[in-house]
2 protein chains.
Amino acid sequence: MCADRINRITPSPISGFPEWTPAERLLEQRMIDQIRAAFERYGFSPIETPAVERNAVLTAKGGAETERQIYSLTGLHPQSGGDARDYSLHFDLTVPLARYVAQHNNELVFPFRRYQIQKVWRGERPQHGRFREFTQCDIDIVGDGKLSLMADAEIPAVISTVFTSLAIGDFTIRISNRKILTGYLEHLGFDESESSLILREADKIDRQGTGPLLQALDDLPNGNAATSDILVLVQMSGSPADVLCALELIDGGDRFRQGVDELKAVFEHATAFGIADENIAADIGIVRGLDYYTGTIYETRLDDHPQLGSICSGGRYDDLASYFIRKTMPGVGISIGFTRLFSQLLQAGIVKPGSASAAQVLVTVPDESLMSNAIEVASSLRAADVNTEIFFEQARLGRQLRYASRKGFRFAIIPLPEDLEVARIKLRDMDAGEEHTVAMDDLPGEIARHIS
Amino acid sequence: MCADRINRITPSPISGFPEWTPAERLLEQRMIDQIRAAFERYGFSPIETPAVERNAVLTAKGGAETERQIYSLTGLHPQSGGDARDYSLHFDLTVPLARYVAQHNNELVFPFRRYQIQKVWRGERPQHGRFREFTQCDIDIVGDGKLSLMADAEIPAVISTVFTSLAIGDFTIRISNRKILTGYLEHLGFDESESSLILREADKIDRQGTGPLLQALDDLPNGNAATSDILVLVQMSGSPADVLCALELIDGGDRFRQGVDELKAVFEHATAFGIADENIAADIGIVRGLDYYTGTIYETRLDDHPQLGSICSGGRYDDLASYFIRKTMPGVGISIGFTRLFSQLLQAGIVKPGSASAAQVLVTVPDESLMSNAIEVASSLRAADVNTEIFFEQARLGRQLRYASRKGFRFAIIPLPEDLEVARIKLRDMDAGEEHTVAMDDLPGEIARHIS
């Protein structure tokens, strides 16, 4: 061969761009299918937006940190690429949603319920657990002018359906309302920037304790007087009934009261949606997306794996698309950072890749003269919706069964002349290592029964 | 509001980056699901590779035209992006497959059957029907050192399952073997570059007739003498039996003969896989990927829409990954350029978007006092795997039903106090415009029966 003329390149992974084995990908795909089914169960419809948006769209809102992470396109060769530098890979699915809703405003029917499961890209410094390419699973309900608080109450039911179906362990959806903390701080006389500072420090309690918050309050003119009241509030968490009771006792001003009332309504209706008590909690300390969410906020944690942090978060916002359309479009939504979750679940052994094949059955061909029999039995299984592979290469049966075992097939089928003569065929259960013969006509039914 | 402070951007489409409405996306997703199910039916397993590959990987094979279309990454801001310029968006799924197989060679079990359904990007000049971002659906069977010709025979069965399941009309899979034409030209004494030229012109017969081919032969030293024989061969197409008969009569040398024998074996076994005669044809004139395919080649056309060209093509190649690994890895595969196909099917009205909602049922709320009843009935439907949306906004029933109609729900449910009292509920068939009441307990079964 002319191998010597080839300038061979040894491929290696690109940091931050994950790539899975076939068995891992099968598992990932099954989990994404489950998430998608849960979203569709509640009437969310799929949209997909291009991988790129115009730079003006991506940077409309500003935010220097996000902008520094944007990957722009360019031609590989200087003279190519055309207008590529005018657009960049999206870094989340929220900006694309806002742009989509504005651009297609006349074609859409509101309230608009969409889900979007797509890759996003962020040029982060590579470090453990940080991905530059990852899949997000987002849902949002977007209203035209207004949106019922019932939408906020339904979101926990969707979260609950997703994580019940994923079966990755007990989980708790923690809910608060942004107005409770901001209203309270306003009531105490803090201005907006002081309030932001306090919330930012309160957000660190989980990882760094109350130290930073106490320090910040100490530094503020009238911070010390409020310290104990604020500490009580940001550490208030537990069953919805208990927390709501405690909140009733606090005099926090109008906005605070509105937040408490909304939170109460969300919990009342969440129960009507059939969410189990153990899957839901109130947690006034959760602080998310300071400049984005304006009402209900959600976080979700695995009870046995708190180190994973929130695996599904979101909330209510007043205005989705003001940068793109002169219309007020309130909404509520959540996002699952799927790639990070999946990679952590794999690492922690909470999910385990199984078979490396999408087929459950391998039809072996013990002798080439049996090829047409093998094709026939495979065709009958495929017609019965059983995913089936045929082993085409010439090899001894033992090697064929080793292949079945390495790829993780559930069953191997072994056509032998003596069985075929009496319209039977040998079925090997690869897990149990047991073989028995089955009437040819019963085979699809027998296998379908085992794999369903 | 502070609307005046906002520098509003009017969003507009980016040429070549398609974006669908929710109804179109639902249809696209259903079709991709059908393709995926067909691939899995034959034991192809999913892999996914990052959107980017190292530039050295993408350009290993060369090909100036392809390279000019590559989108490279760069930081949006000059000081950011890190090593982004070292990698680029993939322009097909074949180079990523070759790199994947080389990089993970020790973890994979061969023959390796993979499918890959992903976006690819090409910086083409925007023009009608050309996409810069599009979805490809690829399958390949890759062997380690060798690969049975049976794999070539199975591919048409997969194609047939895909297009039978998509139900977009009658189709014909046209098959040839590259060795027939190249062997014949070699036998006639043409050298490699003359042979390439002849094949390139033969490829134009469909669109430009035989003129360019005749001209090219006229220009070649010993072209004229061969003209009539070559014309017969490149225009030879029809039923496998007829074409094979005609090929038997030609003395075309060893390589030609090997091609005929392989083609014969492929057709023989393709029949065993149960492909209908009307879905398969021999066509010696098909010429694909001159420098890539080495044996069997496939094209697929819709009988009633020849203007769409080949909607699924591929073939056998001798060596997938020689640029990345010192190992011979023959394979056979096909690719569906899904976005182009989907957009053409939409334009030609061959497929039509239906509902804009992933849910079949809308539960209306005629009065806010009935909200908990609405939630209850929605929960019972969801528990029975019926995708259900609740109309949360306060609005008159007429507006709620108009919403149901505009989004294309199959059923609306109307909870009314007088019905609920006797454990019944009103069901409206949105297509028929008919209403009747159903016992609450029978509702999920009644609806499931209609939508399955």
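Quick note on labels: first sequence line is chain A, next is B, and so on, each numbered from 1.
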Which one of [options] has the most heavy-atom pairs closer than 4.5 Å to chain A?
options                       : answer
B:E124, B:M371, B:H269        : B:M371
B:A60, B:S355, B:A151, B:G274 : B:A151
B:L149, B:V52, B:D385, B:L108 : B:D385
B:A272, B:P46, B:P22          : B:P46
B:W20, B:W121, B:Y100         : B:Y100
B:N55, B:V57, B:L147, B:T161  : B:L147

Which atoms of [X] come close to chain B, meaning under 4.5 Å heavy atom to heavy atom: side chain ones, backbone ones, both, or neither?
X      : answer
A:F112 : both
A:F44  : backbone
A:R402 : neither
A:S88  : side chain
A:I325 : backbone
A:I141 : neither
A:D83  : side chain
A:A157 : neither

Please classify the contact between [X] and chain A as side chain, backbone, both or neither, with a heavy-atom cut-off of under 4.5 Å.
X      : result
B:Q394 : backbone
B:R113 : both
B:L362 : neither
B:S379 : side chain
B:Q103 : both
B:V386 : backbone
B:A378 : neither
B:D33  : side chain

Using a 4.5 angstrom heavy-atom cutoff, name the option from [options] with the most pairs to chain B.
options               : result
A:A37, A:G75, A:A23   : A:G75
A:R41, A:E389, A:R25  : A:R41
A:P50, A:A356, A:A102 : A:P50
A:F39, A:Y115, A:F391 : A:Y115
A:R85, A:E376, A:R114 : A:R85

Donor-acceptor check, side chain of B:R406 to backbone of A:V109, threshold 3.5 angstrom: yes or no?
no
Those residues that, when tested against A:Y42, pass ring-ring contact (aromatic ring centres under 6.0 Å, His included) (two or more places apart):
none
What's the shortest heavy-atom distance between [X] and [Y], and which atoms?
X      : Y      : answer
B:S45  : A:A358 : OG-N, 3.0 Å
B:K407 : A:P111 : NZ-O, 2.9 Å
B:E107 : A:T21  : OE1-CG2, 3.6 Å
A:A84  : B:Y71  : CB-CE2, 3.6 Å
B:G43  : A:A359 : CA-CB, 3.6 Å
B:R132 : A:Y87  : NH1-OH, 2.9 Å

Evaluate the side-chain proximity of A:F273 to B:S372: yes if any heavy-atom separation is below 4.5 Å, no if none is.
no
Is any side-chain heavy atom of A:L73 closer than 4.5 Å to one of B:T74?
no
I need the B:R68 CZ to A:H77 NE2 distance, nearest 0.5 Å.
8.5 Å
Return all side-chain donor-acceptor pairs below 3.5 angstrom for residues 9-18 of chain B, not counting sequence neighbours, or 'none' if the list is empty.
| from | atom 1 | to | atom 2 | distance (Å) |
| --- | --- | --- | --- | --- |
| B:S12 | OG | A:R54 | NE | 3.3 |
| B:S12 | OG | A:R54 | NH2 | 3.4 |

Does a salt bridge link [X] with [Y], judged by any charged N lying under 4.0 Å from a carboxylate O?
X      : Y      : result
A:E19  : B:R99  : yes
B:E154 : A:R382 : yes
A:E40  : B:R30  : no
A:E48  : B:K119 : yes

Step by step, would you call A:I375 with B:M150 a side chain to side chain contact (heavy atoms under 4.5 Å, CB included)?
CA-CA 10 Å; A:I375 294 176; B:M150 290 302 306; 3.5 Å; yes
